[in-house]
Protein chains: 2
Amino acid sequence: MTRAPQKRRLETRARLLSVAEGIAAQRGYAGLRAEEVVSLAGVAKGTLFSHFKDMDGLLAVLIGGKVMMLLDKMEQAAPPQTPAQICALLNDQLEFVARERVIFDVLLRYSGVTAAQAEEVISEGFMRQVRILEGWIDAMQKAGTIRSDQPASMLAEGIQGFLNHVLAVWFCAEHETGDTPQAALEPYISAWLVT
Amino acid sequence: MTRAPQKRRLETRARLLSVAEGIAAQRGYAGLRAEEVVSLAGVAKGTLFSHFKDMDGLLAVLIGGKVMMLLDKMEQAAPPQTPAQICALLNDQLEFVARERVIFDVLLRYSGVTAAQAEEVISEGFMRQVRILEGWIDAMQKAGTIRSDQPASMLAEGIQGFLNHVLAVWFCAEHETGDTPQAALEPYISAWLVT
DNA sequence: AATATAAATTGACCATGGTCAATAATAATC
DNA sequence: GATTATTATTGACCATGGTCAATTTATATT
């Protein structure tokens, strides 16, 4: 049987996260160095890796937190009534992920449908997003403004696919094309949801 | 003006690739170690990185080669006439990518719409695949078996999005769900192409 | 053939993530 | 409060990718 973590451990973890967040805010997530985090947090290197499986694990917690905040906002907003409004509500999220390739990478890696590790805030966020989308879509289906030949869950997951797709293209194209991910998303969503 | 590469360089490159391919065939792409490749190829470490930007660059060339072979096969096959047949033709590709997460990662990273580096076989493969899909879809649109309210190019790119989506889910779920990527793909494609 | 210029390769060197036996701090038991 | 068991932390150590000034090899020029 595993015991609850001691107070000291929780404090250490909080310090590591807060330091890491500070660095990330300044130099970006990709700019995080294990050495720097532990030195600023005043702990040894091994401690970091006893709290997080690896650097990606740390990133996942940081990024997962941000995503949760964005989802909170999404949930509070008035439900969309058109595909275009769905896109508008996904704007912030798209903008956040588009900021750094490593965000996209981490989200894609840890956004499992099934949460294996407890620490994986990301899986949770992923599932939560699908649920939100599903709710919206369900309401729109009942209103008759979009197709109803497919279950809402499938349409919702499809939207996540398109989200990832436009982001992938965004990063691959190295921002050469003027198209933002937001602009690229709309046609897909519209075409996906048409009656 | 940059000169054409000398014979020696081409030989070295070929040896590096062949050695790397051998190791990959045995231990998987993720099992490639720079030290091992150069030692088996009989060159110094720096040589490898003068031929390829980094290990991912080497992987990209190896994987890009395989993808090209799969595309050859796809091109030779009889054009599909239903969404299900499209999926069937994408089977091999899906199976190849599903084999190792690192394949998916490399493809996603380098599958840019615009090829920056000459060496990026992957971008080329990516574009070629869209063209093939576009050809199929165009024919099916003319035959009236699928929707025609969207340009073939958009539908083709959407399919690539779904491909990546089911692969992402596949790797995230750690193969827990019995669903293969192939099985997961079909509903999306059907729903995407319906009239 | 001797010399000059450019291409190709080398390997010592560094940066960074990650490990793990040893130690310190905390909680449980007597 | 002394003893034992468990949890938390430590930091020397390793693995691996990647760099770059120096060196060797090939090509052009005289």
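Throughout, a chain's letter reflects where its sequence line sits, starting with A, and its residues are numbered from 1.
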Grab the CZ-C1' distance between Arg8(A) and dA8(D) for me, whole Å please. 5 Å
Starting from P on dT16(D), measure out to CG on Asp54(A) and report it in whole angstrom. 16 Å
Value in whole Å for how far the P atom of dA27(C) lies from CD of Gln6(A): 5 Å
From the candidates dT19(C), dT9(C), dT9(D), the one with an atom nearest any side-chain atom of Ser50(B) is dT9(C)
Report whether Trp136(A) and Val194(A) are members of the same hydrophobic cluster (ILVMFWY, side-chain heavy atoms less than 4.5 Å apart, transitive linking). no
Under 4.0 angstrom, heavy atoms only, what part of the nucleic acid is Leu32(B) near: base, sugar-phosphate, or nothing? sugar-phosphate
Between the side chains of Gln129(B) and Gln160(B), is a donor N or O closer than 3.5 angstrom to an acceptor N or O? yes
In whole angstroms, how far is the C1' atom of dG17(C) from the CZ atom of Arg33(B)? 13 Å
Between Thr12(B) and Gly46(A), which has a closest nucleotide on DNA chain C that is more 5'? Thr12(B)
Can you tell me if Arg9(A) touches the phosphate of dT7(D), counting only side-chain N or O atoms and a distance under 4.0 Å to OP1 or OP2? no
Given dA28(D), dT26(C), dA28(C), which nucleotide is nearest the side-chain atoms of Arg3(A)? dA28(C)
Residues that Glu35(A) engages under side-chain hydrogen bond (donor to acceptor under 3.5 Å, both in side chains), provided they are two or more places apart: Lys45(A)
Checking salt bridge (charged side-chain N to carboxylate O under 4.0 Å, His left out) for the pair Glu11(A)/Arg15(A): CA distance, chi angles, key distance, verdict? CA-CA 6 Å; Glu11(A) 289 163 356; Arg15(A) 213 163 48 221; 5.8 Å; no
Taking 4.0 Å as the cut-off, does a side-chain nitrogen or oxygen of Thr47(B) come that near to OP1 or OP2 on dA8(C)? no
Between dG18(D) (P) and Leu58(B) (CG): distance, integer Å: 10 Å
With the side chain of Lys45(B) defined as its heavy atoms from C-beta on, choose the nearest nucleotide among dG17(C), dA8(C), dG18(D). dG18(D)
Considering just the side-chain nitrogens and oxygens of His51(B), establish if one lies under 4.0 Å of OP1 or OP2 belonging to dA8(C). no
What is the distance from CD of Glu35(B) to P of dC14(D), rounded to the nearest Å? 15 Å
Between CZ of Phe49(B) and P of dA21(D) the distance, given in whole Å, is 18 Å
Run the side-chain contact (heavy atoms from CB on, under 4.5 Å) test against Gln81(A) and tell me which residues pass, sequence neighbours left out. Gln85(A)
